[in-house]
Amino acid sequence: MKNWKRYTVTSALPYANGPLHIGHLAGVYIPADIYVRYLRKRGKDVIFIGGSDEHGVPITIKARNEGISPKEVVDRYHTIIKESFEKLGISFDIYSRTTNKTHYETASDFFKKLHRNGNFIEKTTEQYFDTEANQFLADRYITGTCPHCSNEKAYGDQCESCGTSLNATDLINPKSTISGSKPVLKETSHWFLPLDKYEQFLRNWILDEHKEWKTNVSGQCKSWLDMGLQPRAVSRDLDWGVPVPVSGAEGKVLYVWFDAPIGYISATKELTKDWERYWKDEDSRLIHFIGKDNIVFHCIVFPSMLKAEGSFILPDNVPANEFLNLEGDKISTSRNWAVWLHEYLDDFPGKQDVLRYTLCANMPETKDNDFTWKDFQARNNNELVAILGNFVNRTVVLTHKYFEGKVPPKGTPGDYEREVEKTILSLKTDIEQSIENFRFREAQKTLMDIARLGNKYLADCEPWKIYNNEPAKVGTVLYYSLQIAGALTTLCEPFLPFTSQKLQKLLNVQTQKWEEVGNISALNEGQAIETAFLLFEKIEDAEIERQVQKLLATKKQNEQISLPVTPAKPEITYDDFMKMDIRIGTVLEAGRVPKTQKLLKLKVDTGLDIRTLISGIAEYYTPESIIGKQVCILANLQPRNIKGTESKGMILMAEGPDGVLKLVSPAELSANGSLVK
RNA sequence: GGCGAGGUAGCUCAGCUGGUUAGAGCGCAUGAUUCAUAAUCAUGAGGUCGACGGUUCAAGCCCGUCUCUCGCUACCA
């Protein structure tokens with residue numbers, strides 16, 4: 001095991017076009033914060049880097065839609081995000097943003113160096129250009145008809161109706177969302193990072209040299225590497241972002257994926273003059289906390305960039321988490337299916353640690369996990385209140401009852417006390433092991449075991465029973481109970497920083513150095529402690545019910561929003577219509593097309609002939625269920641080769657707003673070849 | 001269709017390079033207890049380890065086939 005001199009810990013930069021929800025917290029920031037707080041307590045040299053990712057097309061679109069500038073958009077969300085982090089105790093050493101000056105310089109320099117080194121390839125491609133607005137159009141600025149599902153509101157990069165990823169040039173009837181005009185293709189040149197050249201290096205580095213990475217992470221990387229990497233554009237034609245710092249690149253900015261991870265470096269620069277030690281010294285350990293959606297960028301793309309640059313260290317580990325669901329459904333910003341942090345903070349004031357605790361206990365470390373309000377309540381009432389809060393409370397109350405609120409003399413410890421001491425130390429070691437292996441759920445559970453130990457110790461010794469006969473023994477028992485609480489004060493700090501604060505106040509102590517925890521000297525004999533106050537309060541059913549109702553209302557609202565009906569198409573003439581030869585036919589044979597998910601191969605009697613056609617309906621109809629059915633066929637559609645079979649014609653389907661396809665059939669049995677008009 | 005991750009008690013999860021009666025927390029049941037926010041402590045019930053087949057003296061762990069969930073990817077009217 002390498003002896004690291006310092007730690008550079010980054011957490012994914014949240015995209016500044018919306019507020020944060022519990023998924024962000026559970027996936028990235030809670031584990032990162034626990035890790036960092038732990039390292040600090042151990043006296044390690046560690047910096048914790050965060051910041052808002054403020055470039056990219058979605059932000060410019062949001063700005064345009066709201067009639068404000070991109071800067072105003074990111075200012076608004078950066079503020080909200082930053083405030084949520086602060087209130088939840090995410091202890092960044094710096095929370096920066098990618099729109100500040102340092103970042104522009106850093107990202108520019110980075111690009112320039114790679115450019116000088118000849119690490120990029122320059123390619124000229126044709127892209128859509130809006131002649132009215134006089135600018136190139138990013139994919140998201142182009143809408144048109146999806147060539148696959150005919151959705152008329154497909155974007156240039158993806159059709160959200162059928163989920164297909166597209167190239168802008170695939171769209172039928174492309175339209176600029178800026179001016180509404182029809183864009184024209186125009187040549188533009190861009191720089192590409194040839195990821196394929198780093199494939200071998202990545203393969204060795206990830207799959208051979210970092211076998212300790214989480215299986216979900218290395219598995220995902222292997223999948224990407226096996227598919228083969230392609231050169232990736234690092235620039236875009238856009239006016240929002242870091243300008244490409246070479247001559248002849250006017251109107252071009254760095255692609256957001258290129259500029260965002262450099263944000264980690266820029267933020268470090270802002271934090272300390274000594275930044276290079278954290279990024280270039282082989283004794284520095286770089287750790288990226290991210291969600292699984294970011295694996296490819298942090299394990300493939302960014303390392304390739306760093307490798308190309310040459311002077312930087314590479315991440316030693318990328319402990320990516322899976323996703324958190326909410327009450328059984330995917331968290332979704334557009335459907336408002338989320339618990340927003342700023343709302344939580346309003347609804348549950350002073351309960352930051354309850355959320356931190358619940359999210360840590362349910363952290364999606366190995367697979368997607370589910371957050372439910374019922375579980376939130378149970379964790380609070382049955383664990384934080386009943387085990388941790390209760391142990392501390394009974395200890396403090398007993399101390400006041402028998403010793404006037406002063407730490408009693410240690411007296412003569414017996415076997416039990418020695419056992420308690422040993423157990424605390426061993427649990428502490430377990431916590432260390434778990435955290436260092438990024439097993440935060442396990443670490444937190446072990447933390448609670450210490451409170452459990454305290455409860456059991458009290459129950460076994462029964463100081464309230466023996467006080468009349470053995471007051472000195474009671475002193476010893478409470479002395480040890482208080483020391484357990486003292487140990488908890490420090491050990492809980494990474495997980496429950498606000499509770500640690502409360503404990504310090506209650507016990508009238510400071511946290512110890514991590515190394516000293518468990519040495520039964522957190523509190524001194526005779527020292528006064530505060531009168532008891534509660535660390536945690538029970539959460540009543542009514543409060544939970546309110547939150548559940550809130551979500552139910554959202555769900556109801558979502559259901560009522562009828563999915564948008566595709567808007568009317570432009571008027572056509574009767575002649576246009578008559579060009580189409582639509583006929584009734586009968587399906588004679590049907591079978592799946594091998595190696596596809598959606599395709600059926602059909603043999604149909606059209607009256608004119610018996611022909612073969614391919615139809616993408618396998619998700620809705622089995623071959624058996626469609627044989628013998630009468631269908632409508634567009635018979636004079638240009639044949640097309642699909643998966644090695646010539647498809648002559650198209651079966652007409654009714655597509656619901658949800659994308660579900662249904663056969664269109666004549667209401668009564670009709671002769672094959674009947675004309676539909 | 002290809003690739004990746006996952007499917008272990010009601011819930012959330014552990015199970016190391018295969019080895020005695022498969023573990024923990026929460027929940028549940030019973031008992032004890034009253035210092036404590038009806039909190040705590042003890043005991044217990046509860047699992048054909050997704051399904052089937054195979055390798056082995058021995059499989060939750062290895063191999064094969066299938067199935068379900070999530071993600072990436074391909075194809076797609």
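Numbered from 1 within each chain, the chains take letters A, B, ... in sequence-line order.
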- Query: Across all strands shown, which nucleotide pairs with G60(B) by Watson-Crick or G-U wobble geometry, both distances under 3.5 Å?
  - Reply: none

- Option passing side chain to side chain contact (heavy atoms under 4.5 Å, CB included) with Ile435(A) (candidates Ile34(A), Asp430(A), Thr446(A)): Ile34(A)

- G47(B) to A22(B) separation - C1' atoms, rounded to the nearest Å: 9 Å

- Message: Less than 4.0 angstrom from a charged side-chain N to a carboxylate O is my criterion; do Glu365(A) and Lys214(A) meet it?
- Response: no

- Ring centres under 6.0 angstrom apart (Tyr357(A), Phe495(A)): no

- Item | Glu442(A) CD to C26(B) C1', straight-line distance once rounded to whole Å | 17 Å

- Message: Using 30° and 60° as the class boundaries, would you call the ring planes of His288(A) and Phe302(A) parallel, tilted or perpendicular?
- Response: tilted

- Consider only side-chain N and O atoms of Asn362(A) and Asp375(A), and report whether a donor and an acceptor are under 3.5 Å apart. yes

- Message: For Lys367(A), is there an ion pair with Glu322(A) - N to carboxylate O distance below 4.0 angstrom?
- Response: no

- Across all strands, who's sitting opposite C76(B) as a Watson-Crick or G-U wobble pair, both distances under 3.5 Å? none

- Query: For the residue pair Trp257(A) and Tyr255(A), does the interplanar ring angle fall in the parallel (under 30°), tilted (30 to 60°) or perpendicular (over 60°) class?
  - Reply: tilted

- Item | Aromatic contact, Tyr467(A) with Tyr402(A) (centres under 6.0 Å) | yes

- Item | Backbone N/O of Gln433(A) and side chain of Asn437(A): donor-acceptor pair under 3.5 Å | yes

- Atom P, compared across A59(B) and G50(B): separation rounded to whole Å: 15 Å

- Query: Between Phe440(A) and Phe289(A), how do the two ring planes meet: parallel, tilted or perpendicular, split at 30° and 60°?
  - Reply: tilted

- Item | For G4(B), the Watson-Crick or wobble partner whose two distances fall under 3.5 Å | C70(B)

Sequence neighbours left out, cut at 3.5 Å: what donor-acceptor pairs do the side chains of residues 469-476 of chain A make with other protein atoms?
{"from": "Lys473(A)", "atom 1": "NZ", "to": "Glu417(A)", "atom 2": "OE2", "distance (Å)": "3.4"}
{"from": "Thr476(A)", "atom 1": "OG1", "to": "Lys410(A)", "atom 2": "O", "distance (Å)": "2.8"}
{"from": "Thr476(A)", "atom 1": "OG1", "to": "Ala472(A)", "atom 2": "O", "distance (Å)": "3.3"}

- Reading 5' to 3' through nucleotides 60-67 of chain B, protein heavy-atom contacts under 4.0 Å coded B for base, S for sugar-phosphate only, - for none: --------

- Item | Separation of the C1' atoms in A9(B) and G27(B), to the nearest angstrom | 11 Å

- Query: Watson-Crick or G-U wobble partner for A38(B), using a 3.5 Å limit on both distances?
  - Reply: none

- Query: Using atom C1' of each nucleotide, how far apart are U67(B) and G23(B) to the nearest Å?
  - Reply: 27 Å

- Between atom NZ in Lys330(A) and atom P in C70(B), what is the gap in whole Å? 6 Å

- Let me know the distance between CG of Asn294(A) and P of G4(B), rounded to the nearest Å. 22 Å

- Query: How close or far is atom C1' of C72(B) from atom CZ of Phe323(A), stated in whole angstroms?
  - Reply: 11 Å

- Rounded to whole angstroms, how far apart are CG on Asn321(A) and P on A5(B)? 17 Å

- Message: Could you tell me how far C66(B) sits from G2(B) if I compare only their P atoms? Round to whole Å.
- Response: 9 Å

- Item | P atoms of A24(B) and G44(B), separation to the nearest Å | 10 Å

- Query: For A51(B), what is the paired nucleotide under Watson-Crick or G-U wobble rules, both distances under 3.5 Å?
  - Reply: U65(B)

- Query: Which whole-number value in Å describes the distance from Asp226(A) CG to A5(B) P?
  - Reply: 11 Å

- Looking only at atom P, what distance separates U73(B) and C28(B), rounded to whole Å? 44 Å

- Of A24(B), C70(B), G71(B), the nucleotide closest to the side chain of Asp368(A) is C70(B)

- Sugar-phosphate only, base, or nothing, as touched by Glu383(A) at under 4.0 Å among non-hydrogen atoms: sugar-phosphate

- Message: Rounded to whole Å, how long is the line connecting atom CG of Leu324(A) with atom P of U12(B)?
- Response: 12 Å

- Item | Base-pairing mate for U21(B) - Watson-Crick or G-U, with both contacts under 3.5 Å | none

- Query: Nearest of A24(B), G6(B), C70(B) to any side-chain atom of Lys367(A)?
  - Reply: G6(B)

- Message: What I want to find out is whether Lys351(A) reaches Asp353(A) closely enough, with some N-O distance under 4.0 Å, to be called a salt bridge.
- Response: no

- Pick the C1' atom in G10(B) and in G46(B), then give their distance to the nearest Å. 9 Å

- Identified pairing partner of A29(B), criterion: Watson-Crick or G-U wobble below 3.5 Å: U43(B)

- Query: With the sugar-phosphate defined as primed atoms, P, OP1 and OP2, and the base as all remaining atoms, what B/S/- string results for nucleotides 31-40 of chain B, 5' to 3', for protein heavy atoms under 4.0 Å?
  - Reply: --SSBBB-SS

- Query: Which part of the nucleic acid, if any, lies within contact of Thr366(A), taking any heavy atom under 4.0 Å across all strands shown: a base, the sugar-phosphate backbone alone, or nothing?
  - Reply: sugar-phosphate

- Would you indicate, yes or no, if G27(B) has its OP1 or OP2 atom less than 4.0 angstrom from a side-chain nitrogen or oxygen of Arg379(A)? no

- Task: Specify the separation, in whole Å, of atom CD of Gln433(A) and atom C1' of A14(B).
- Result: 16 Å

- Taking a pair to mean Watson-Crick or G-U wobble geometry with both distances below 3.5 Å, A14(B) pairs with none

